[in-house]
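Step one of this worksheet: look at the structure below.
In what follows, every chain begins at residue 1, and chains take the letters A, B, ... in the order their sequences are listed.
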Amino acid sequence: MNLERQLAVQDLNARYVDAIDEGRFEQWPDFFADDGHYRITTAENVEQGLPLSIIYATSRAMLRDRVRALREANVYEAQRYRHVLAPPRIEPAGEGSVRAQTSFMVARIMHTGETALFATGRYVDRVVLAGDAARFADKTVILDSRQIDTLLAIPL
Amino acid sequence: MNLERQLAVQDLNARYVDAIDEGRFEQWPDFFADDGHYRITTAENVEQGLPLSIIYATSRAMLRDRVRALREANVYEAQRYRHVLAPPRIEPAGEGSVRAQTSFMVARIMHTGETALFATGRYVDRVVLAGDAARFADKTVILDSRQIDTLLAIPL
Amino acid sequence: MNLERQLAVQDLNARYVDAIDEGRFEQWPDFFADDGHYRITTAENVEQGLPLSIIYATSRAMLRDRVRALREANVYEAQRYRHVLAPPRIEPAGEGSVRAQTSFMVARIMHTGETALFATGRYVDRVVLAGDAARFADKTVILDSRQIDTLLAIPL
Amino acid sequence: MTIHERSWPSDGLTRIPYWIYSDRDLYAEEQARIFRGDTWTFLCLEAEVPRPNTFRIANLGDMPVVVTRDKDGVIHAFENRCAHRGSLLCLKQRGEAKEIVCVYHNWTYDLSGNLTGIAFRRGVGGKGGMPADCKPDQHAPRQLRVETFAGLVFGTLGTGVPAVEQYLGPEIAAKIRRVMKGPVKLLGGYTQMLPGNWKLYIENVKDSYHASLLHMFFTTFRLNRLSQKGGLVVSEDGGNHISYSMTADVAGKEYEQAGLRTAHSGYSLEAPELLQSVDEFGDGIGLQILSVFPGFVLQQIRNCLAVRRVVPQGLDRTELAWTSFGFADDDEKMTELRLRQSNLIGPSGLISMEDGAATGFVQRGIRGAGEEESVVEMGGSGTSSEESRVSEAAVRGFWKAYRRHMAI
Amino acid sequence: MTIHERSWPSDGLTRIPYWIYSDRDLYAEEQARIFRGDTWTFLCLEAEVPRPNTFRIANLGDMPVVVTRDKDGVIHAFENRCAHRGSLLCLKQRGEAKEIVCVYHNWTYDLSGNLTGIAFRRGVGGKGGMPADCKPDQHAPRQLRVETFAGLVFGTLGTGVPAVEQYLGPEIAAKIRRVMKGPVKLLGGYTQMLPGNWKLYIENVKDSYHASLLHMFFTTFRLNRLSQKGGLVVSEDGGNHISYSMTADVAGKEYEQAGLRTAHSGYSLEAPELLQSVDEFGDGIGLQILSVFPGFVLQQIRNCLAVRRVVPQGLDRTELAWTSFGFADDDEKMTELRLRQSNLIGPSGLISMEDGAATGFVQRGIRGAGEEESVVEMGGSGTSSEESRVSEAAVRGFWKAYRRHMAI
Amino acid sequence: MTIHERSWPSDGLTRIPYWIYSDRDLYAEEQARIFRGDTWTFLCLEAEVPRPNTFRIANLGDMPVVVTRDKDGVIHAFENRCAHRGSLLCLKQRGEAKEIVCVYHNWTYDLSGNLTGIAFRRGVGGKGGMPADCKPDQHAPRQLRVETFAGLVFGTLGTGVPAVEQYLGPEIAAKIRRVMKGPVKLLGGYTQMLPGNWKLYIENVKDSYHASLLHMFFTTFRLNRLSQKGGLVVSEDGGNHISYSMTADVAGKEYEQAGLRTAHSGYSLEAPELLQSVDEFGDGIGLQILSVFPGFVLQQIRNCLAVRRVVPQGLDRTELAWTSFGFADDDEKMTELRLRQSNLIGPSGLISMEDGAATGFVQRGIRGAGEEESVVEMGGSGTSSEESRVSEAAVRGFWKAYRRHMAI
Ligand code: FES
Ligand code: FES
Ligand code: FES
Ligand SMILES: [Fe+3]
Ligand SMILES: [Fe+3]
Ligand SMILES: [Fe+3]
């Protein structure tokens, strides 16, 4: 295990979830490479070899559109997430990039005070390490559950 | 990211929550500087710029009084916490001290066996690193939710 | 704190829970020494000094039998776990072995989509570090709660 | 209160009493009179039991059901409850099996739902076992009457319900055939747990009035403006509906003029490929939402196709199960189009995420509403088809059918 | 069972039947007869709608409410339910707004709760829309009658309830004025979710007998010993109460003599600044707990001031919403005093944390109690004011008012 | 519906209507008629209140109970509800105490449950306090009638119930004595929260038919095959039962012949020490499951001994509390045997984990079953003891007793 890379990915993960948990959605696309892919799907779809996603973006621009929609178009009650992540398990993926897999639990807290365990699963990522800037070339969020409570507005 | 400091704060956090989760409350004040501040508040109060706290202590002595009350005065059913913390995000705060921010989830387990996700939020801390002894100069617990189930007796 | 050992145990923990969360039960016994002990009990039993376990194995062979039973004999609905672990707190335990204590939260996700906080507690382990292979000589899972929902089929 | 103790407001279908969403006794009666009564419930796609000896679990209201395709390829459905002591028979979402064995006492069934084996029926060593006169053929899970239509599998426990095609009515049947144009390829699925009564979601689906007002994304990109050409079809009995619109925009400015919250004409996408689509049905219809009483929805949004099952899970919880599909002859490019467009639907759907939440907004809004009533007067008081979607005719249609089944 | 099928024990107010806390039908009847009936409910502080065009959500029992201050500074309150199909109108805790737009179909209201706009009322292209004879002024959320008193906003749906000041009675009104002595400065808030029926918490508040026995911190530091000078005031109708005590200690030794669990005279604080306070009201009253039927509490503990709203959230769940405040003219030192003293209140309050749990101790304790009754005889069987707080007179007063409203 | 509005199927005990597991009103009536009625409930082992001045909490149905051993060593049990206002008296699972003090107002009780002190009974300074004529001896938590039998503590609120030994019947009493052969040593415990009605678990225990079919581990290792020598005993009144089998195997091949799912004869253990055991009772009985109406189970599986308490926690939730034990004179080796064998029981038990889940399989399976009935015909229609365990006689026995107590 290459400690330096391990910590680089761990730091990327930490900054990524902090941006989401603190509602800095505008920064979210910047954690991805220009042509970065992002999708959310379920373990059930993955196991059945079915391609459907809950969110599916093939470029940073699509992520910016998603943020724009969240800010300007979509209607949802005030809510926040709290992520807790396990340390990532990483392995080399050739030329300055690594594969990383990270378990997560996410609680959702509504403005009413209601708190619930909202999602669990794992991130399956390819991270490019260009100099000291680490970015997601590909991030797949695989939810353990097939079921979402009410809606999934804020990205995971 | 300074690895050594990172690990020093992470270790402080780990020892801090273990002391609480294992019910060693008497040790709790010792994680703070003599004039250490400790408060628990909600994200809602913080966002509105309102100063009210759920617990508010301005010295280690006040923390010892709180422990004394928990042991001798207050009535609450047998219960324990289980903290899970994210790695802290730290930044220098001049002369041998750092600012640290750490996400947490806390489960509460009653003597009856009932287990619930009790609290989520973040620690916003100033940590003084004197030699190998790291202590909290200031610890603010910001709860994501405005709502507490029944009571909050054991500190977070 | 010896960083290298710290990371070795953290890595062992991470691989251990990944094997379970991804359903690779056949690999589970290999995380233990040949004569490794594994037990699950409750904080209540421990505090009362009572020896009863929920699962009690005194050899890797018994763990293999447990896996065999899970695969071939026992009836339980499709389900998976998601572990999130705190960093381990370790201390030397003589000759190439360490004591480690690790807090955990485990969510259980049923095939129906139902997700719940299933178990919280701590691992109290003795880990033998032989070369680069770290293994559990003794792993005690101490559940915070005396109560289990429905059944505990998959090991923790 | 039971339904007999209740009475409907005098204003017919233009007023809905709020107790209809919050009366616990009513919930149980709806299960018996509607879901286990003379209605057809969509169970799954034929493609979900693709081969002989495959099965899938489904629901008839909140009653668990097993759908099977037997060794001869015939599709069956029966209650997912063992004839012996009532255990669930299938514990998995789907699978392959030559027979179904109840885990509790190993009573065995073939895929048609016939009891084929009773463990130790004759006892052991001549002792115990079932009575000599026991007739296994008299013990079986309740069989559903099953019909498939255009690749959709429907089931019912009702005895007085006509054939599916007749139940649908000619226009609905035609519009289902339009979408289900060929052999289906499954793309995947997920479910949403909605925080409201099942009827609130069905009303939402039939409510062509809300579409362009709640869903700002929808309007802004002219995916569906009430000013676009289109129409609203309500079946004779009121229970089934279609709302559709043409892709071509008549470029109306009603929204801007009305200064509606949903009209941000400045708004544009950085990555328009999200909405790239083809007119695969060749009729210019870009959006078709279709529902069948009580709880089935078939959706075409551009090339994004899906079926939705509405499963009551209690008075104020409703499971919404989505299954997205394309066709066997889709090439990779076509599949990619459908997958990209699926950003529009589901729990994160840019034009659908609000619907799930809306059921909760009403359920919480009416908490103290007691004898108060909601107002359903858009488009008048009728339930007939019309060109305009600025209408709640399909919602009134739902209540027309509901009242008939509930005899209120 | 409905209230009609129930009968009250013969011993008047000294026996409370336990089914009163655990009957599901009763809960719904309390909502209608008490919370939506002829009672005044505290909604919020005037300071929570500080400027024109601000709003805040609140509750009338478990019915959602919006409190607004319109452009002219007038305070209004109405049901948080759209007149169209029942959606919540306000989805935020508080905010600024010139109008309120329902997200579902964009029906629009001014801050007085009048319907000002119906989206597509006239349809599109002459088709659809509301009937010509539709009268928007006949569609609006239910208006509450609103009165403010000493900076407190009260609301009611009742038609037979007198003005607030008369409802409070002279003594209660005077003691509210005493605390609400000037323009308020908000310090913050939080809520506790209590595991018991709402009446158990209200009884706890009115129960001056428990204060010094359950709360050991209280006693030990002589914040409130029953031996301190003070008194108990119960309003004519029984529903409102005040319990107060002077700060000066008569140095009684009753607790030590009685050997009560709560008397650890050895106990002292390392950091006494926690309790540092000033006699800001100039009358030596160090503690004043005041309640108004059904669910309002005003608290002065030294300089720690707060209002509490008791909101039923089901038969055995009660939301307790705390709002802590000082006054606009507080200097930093005074604010710091209040903030430090607030360690005494709330979910972690050194003298209040037990109250939340106590409601649960009773709710669980009576689970099998069926027709059994509790004993409320401290201080006799009356409900009149008295000097002694070793009395359950205010609890009996609550039941006197409860029975009148519930007609039992 | 209340029990009076219900009627039992005509076929006596061979048909059980599914509404019996899902009717909310019935749940409350069972608590009163069965658990608080003329039945004996197992509360705990004598060893759980080992010394004078120790206590333990327990349940009578869902009613909380305190079990104590007073200073003279006498065991008492009373409702865990303060005579004053209903608070739980004991807030801990177990402990030592000379007296019991209610935390709410410090009313004090001795360990026999007598009220010994009322805080400020005489008020303070001659003011307040209880009425002069107050009779503390008339205020006390409800006392249970308590009897111990072979180290087991039973309690009842019933007035018409015979002595425990008579209630058990001679055969059950004898088999309890057989297991409870000496002073007990506690090994530990845990609870399972079962997702089904309490009756589903009791039926499971009494269902000797399922044992070898649901639990494959059981069968495969010939721990209990229906072909092994053994028998089924049902008490006269039907409510109590024993199912037992000899360890010696008659080496039958019925399972293999019947091709049952549970017969993997190839299956063997790598670590057979798991099952190592001794015939400590000297009678060759390797397994004895014993139950007493309504909710007590005593289990001997080889040397693995445990009592189980079935505690209803609502219509479809049941707490199953396990306490495992050995004997004071066990040596280390014997204790280790018991501990290793305890891998067979509890939530992870290799031969018991399925039982907890099975209650849920049925509760979910019957969700839409309404008026349908289950079939209980194995071994005929009687409730008498028999040699064969391929029988549901003990299940029918349960319903015989249930119907008598519920008067249906
Ligand atoms: S319940 Fe299915 S075999 Fe007994
Ligand atoms: S529900 Fe408010 S506008 Fe329709
Ligand atoms: S409730 Fe126990 S002393 Fe008052
Ligand atoms: Fe919609
Ligand atoms: Fe109090
Ligand atoms: Fe069993």
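- In this structure, chain C has no heavy atom under 4.5 Å from any part of A:F118.
- In this structure, chain A has no heavy atom under 4.5 Å from any part of C:A86.
- For the pair C:D18 and A:R89, the salt-bridge criterion is met [side-chain N within less than 4.0 Å of a carboxylate O].
- Side-chain N/O atoms of A:D21 and A:H83 include a donor and acceptor closer than 3.5 Å.
- Expressed to the nearest 0.5 Å, how far CD of C:Q79 lies from NE2 of C:H111 amounts to 9.0 Å.
- Contacts of C:R82 with chain A are made by both backbone and side-chain atoms, with heavy-atom separations under 4.5 Å.
- Within the 4.5 angstrom heavy-atom criterion, no atom of C:M110 approaches chain A.
- For A:E26, the CD atom sits in a packed shell: over 12 heavy atoms of surrounding residues, nucleotides or ligands are nearer than 6.0 Å.
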